[in-house]
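Here's the structure, in structure tokens; my notes come after.
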Amino acid sequence: MELAVLAVRAADSLLATALRYARALQIAGTGRFTTRSGHDTCFRAPADIVAVTERHPRIAAITMISRDEQALLRHEADGSGRASWALAAERLRPDTEQEAMAFLQLHHALRRALPRHRGDLDDIAALARPLMPRSVRRRAPVRGVPR
């Protein structure tokens, strides 16, 4: 058996969840905005699963996939912790300037589309801010500073 894991940063995951909510509203007129605590519970699960499967005798390999569908690591499960390391490394990887600009563009679009959730969206952008290049960081909201 093999395991494939999507490795994404928390802010990217939260913003993608908000985008799916906005699309659901647009298409069906209804949806559910995922709370930060609900998201965080689900976001922690892959790290726990990877840690267990690295040592599980029935797991032959673990493939770590990035948000843009690139294979980051294919690792034969041997208990070495390489898959856990790869997941953590991707979650802490700094943005490229292009990634940061795309994030902020989506953030701004969602702020317009979801005015009731602007505070949540700004918290998401503030979470992403430390991983952005300095050249882009100044454009990202800072927690507690109104826009």
Side-chain angles (χ1 to χ4, degrees), residues 1-28 30-111 113-114 117-144:
M1 213 177 328
E2 295 187 19
L3 176 68
V5 180
L6 183 61
V8 297
R9 292 169 288 219
D12 293 328
S13 177
L14 284 159
L15 201 64
T17 301
L19 176 60
R20 286 189 294 277
Y21 168 69
R23 287 180 177 160
L25 286 178
Q26 188 177 41
I27 293 167
T30 186
R32 180 181 52 86
F33 192 87
T34 302
T35 65
R36 175 76 186 267
S37 63
H39 172 272
D40 289 353
T41 297
C42 295
F43 189 76
R44 282 189 296 272
D48 296 339
I49 291 167
V50 167
V52 169
T53 57
E54 283 179 312
R55 296 181 307 274
H56 196 284
R58 291 196 179 175
I59 302 297
I62 301 169
T63 301
M64 202 65 54
I65 302 166
S66 69
R67 183 172 173 240
D68 61 354
E69 300 176 6
Q70 300 297 312
L72 300 171
L73 171 82
R74 177 171 162 70
H75 178 63
E76 303 299 317
D78 63 3
S80 68
R82 285 187 62 213
S84 289
W85 179 88
L87 178 60
E90 182 62 16
R91 286 180 168 186
L92 296 173
R93 179 184 60 79
D95 282 320
T96 64
E97 190 166 320
Q98 183 179 6
E99 288 171 326
M101 292 301 294
F103 180 97
L104 289 175
Q105 285 176 337
L106 178 56
H107 169 263
H108 293 309
L110 287 170
R111 281 184 102 253
L114 303 171
H117 296 286
R118 285 183 178 158
D120 296 309
L121 292 164
D122 287 350
D123 285 347
I124 294 167
L127 179 64
R129 195 171 187 274
L131 296 177
M132 292 179 175
R134 284 188 192 276
S135 60
V136 179
R137 192 178 302 161
R138 60 183 158 66
R139 299 179 193 171
V142 178
R143 260 192 200 102

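Computation of the quantities below employed the complete heavy-atom set of this structure, encompassing side-chain atoms and omitting hydrogens, waters and symmetry-equivalent molecules.
Taking 4.5 Å as the limit, every side-chain heavy atom of Val5 sits out of range of all side-chain heavy atoms of Ile49. Residues Arg44 and Thr41 have side chains in contact (heavy-atom distance under 4.5 Å, counting atoms from C-beta outward). Between His56 and Leu3, the closest side-chain pair of non-hydrogen atoms is not below 4.5 Å. The closest side-chain heavy-atom distance from Arg139 to Met101 is below 4.5 Å. In this structure the side chain of Arg58 never reaches within 4.5 angstrom of the side chain of Thr53, judged on heavy atoms. Considering only heavy atoms from C-beta on, Asp120 stays 4.5 Å or farther from Leu114 through its side chain.
Note that CZ of Arg36 is 7.5 Å distant from CD1 of Ile124, once rounded to the nearest 0.5 Å. To the nearest 0.5 Å, atom CG of residue Leu121 and atom CG of residue Leu14 are 9.5 Å apart. The CG atom of Asp68 sits 11.0 Å away from the CD1 atom of Ile65 when rounded to the nearest 0.5 Å. In this structure, CG on Leu87 lies 4.5 Å from CZ on Arg91, to the nearest 0.5 angstrom. If you take OG1 on Thr63 and CG on Leu6, they are separated by 12.5 Å, rounding to the nearest 0.5 Å. Atoms CZ and OG1, from Arg32 and Thr17 in turn, are 9.5 Å apart once rounded to the nearest 0.5 Å.
Figure legend: Arg9 and Phe103 shown without cation-pi pairing, the cationic atom not lying both under 6.0 angstrom from the six-membered ring centre and within 45 degrees of its axis.
Salt bridge status for Arg67 with Glu90: absent, with no side-chain N to carboxylate O gap under 4.0 Å.
Using cut-offs of 30° and 60° for the angle between ring planes, the His117 and Phe33 rings count as parallel.
Each side chain to side chain donor-acceptor pair (under 3.5 Å) pair with one or both residues in residues 124-138, not counting sequence neighbours, appears once here: Glu97-Ser135.
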